[in-house]
Amino acid sequence: MSRILVSRLVPSGICINLFGTLWTRDNSWIDRYVVNHELIHTAQQKELLFVPFYVLYILEWLFRMLQYRNFQKAYFNISFEREAYMNGNNLHYLTSRRHYAWLKYLTK
């Protein structure tokens, strides 16, 4: 289970995963599926040694912004997010997840 920290600095209704720690304004809405989604991000971060994950995440988001010209569409089409959203409801996903599984979501 990830550590969840509550902070007024985080916008309402979102959860930010920084180096395996979840940050949110209000944790009342965070359930096991949200935690699982974020644990998938933690696995992605670990296999990329954290900092490269954030660099690739931002670069892909910029590419998707150019591609879709829509913030929400760009966000939901980032390969890291696609993997996490596609598997967030499968609470056993991380036990069978292959390393670098997010790569297959780059082109889907």
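In this text, all values refer to a predicted model and were calculated from it rather than measured experimentally.
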Checklist entry - To which residues is Y33 joined in a hydrophobic cluster, defined by side-chain heavy-atom contacts under 4.5 Å among Ile, Leu, Val, Met, Phe, Trp and Tyr, whether direct or through other members? => result L91
Item to check | Residue pair Y54, L18: steps toward the side-chain contact (heavy atoms from CB on, under 4.5 Å) verdict | outcome: CA-CA 9 Å; Y54 295 106; L18 295 174; 4.2 Å; yes
Checklist outcome for this item: From the list V34, L5, L22, I4, side chain to side chain contact (heavy atoms under 4.5 Å, CB included) partner of N27 resolves to I4
Checklist outcome for this item: Residues pairing under salt bridge (Lys or Arg N to Asp or Glu O under 4.0 Å) where one sits in residues 6-21, two or more places apart or in two chains, turn out to be none
Checklist entry - Is there a path of hydrophobic side-chain contacts, each under 4.5 Å between heavy atoms of I, L, V, M, F, W or Y residues, that connects L94 with M86? => result no
Checklist entry - How would you list, by chain and number, every residue that makes a ring-ring contact (aromatic ring centres under 6.0 Å, His included) with F76, sequence neighbours excluded? => result Y85
Item to check | ring-ring contact (aromatic ring centres under 6.0 Å, His included) against F50, all qualifying residues, sequence neighbours excluded | outcome: F19
Checklist outcome for this item: The complete set of side-chain hydrogen bond (donor to acceptor under 3.5 Å, both in side chains) pairs with one or both residues in residues 56-66, sequence neighbours excluded, reads Y57-E81, E60-R64, E60-S79, R64-Q67
Checklist entry - Do the non-hydrogen side-chain atoms of I58 and L62 ever get within less than 4.5 Å of each other? => result yes
Item to check | Residue pairs fulfilling salt bridge (Lys or Arg N to Asp or Glu O under 4.0 Å) with at least one residue in residues 33-43, sequence neighbours excluded | outcome: none
Checklist outcome for this item: Nearest heavy-atom contact between N36 and G88 is ND2-O, 3.0 Å
Checklist outcome for this item: With sequence neighbours left out, the residues meeting side-chain hydrogen bond (donor to acceptor under 3.5 Å, both in side chains) with D26 are S28
Item to check | Stepwise side-chain contact (heavy atoms from CB on, under 4.5 Å) check, W23 with T21 | outcome: CA-CA 7 Å; W23 292 78; T21 300; 3.8 Å; yes
Checklist entry - Nearest 0.5 Å, what's the NE2-OG1 distance between H37 and T42? => result 10.0 Å
Checklist outcome for this item: So the ring pair (Phe, Tyr, Trp, His ring centres under 6.0 Å) pairs with at least one residue in residues 89-108 (sequence neighbours excluded) are F80-W102
Item to check | Shared hydrophobic cluster for I30 and V6 (ILVMFWY, side-chain gaps under 4.5 Å) | outcome: no
Next on the checklist: Show the nearest heavy-atom pair for residues S12 and R25, with the distance to one decimal.
Outcome noted: OG-CD, 3.2 Å
Checklist entry - Could you give the distance from CD (Q44) to CG (L56), rounded to the nearest 0.5 Å? => result 11.0 Å
Next on the checklist: List the residues meeting side-chain hydrogen bond (donor to acceptor under 3.5 Å, both in side chains) with R97, not counting sequence neighbours, and say none if there are none.
Outcome noted: E47, E83
Checklist entry - Is there a side-chain contact between Y75 and N70 (heavy atoms, below 4.5 Å)? => result no
Next on the checklist: Would you say that M65 contacts R69 through its side chain, given a criterion of any heavy-atom pair below 4.5 Å between the two side chains?
Outcome noted: no
Checklist entry - Sequence neighbours excluded, which residues qualify as side-chain contact (heavy atoms from CB on, under 4.5 Å) partners of I14? => result V10, P11, I16
Item to check | Nearest-0.5 Å distance, CG of residue L103 to CZ of residue R98 | outcome: 13.0 Å
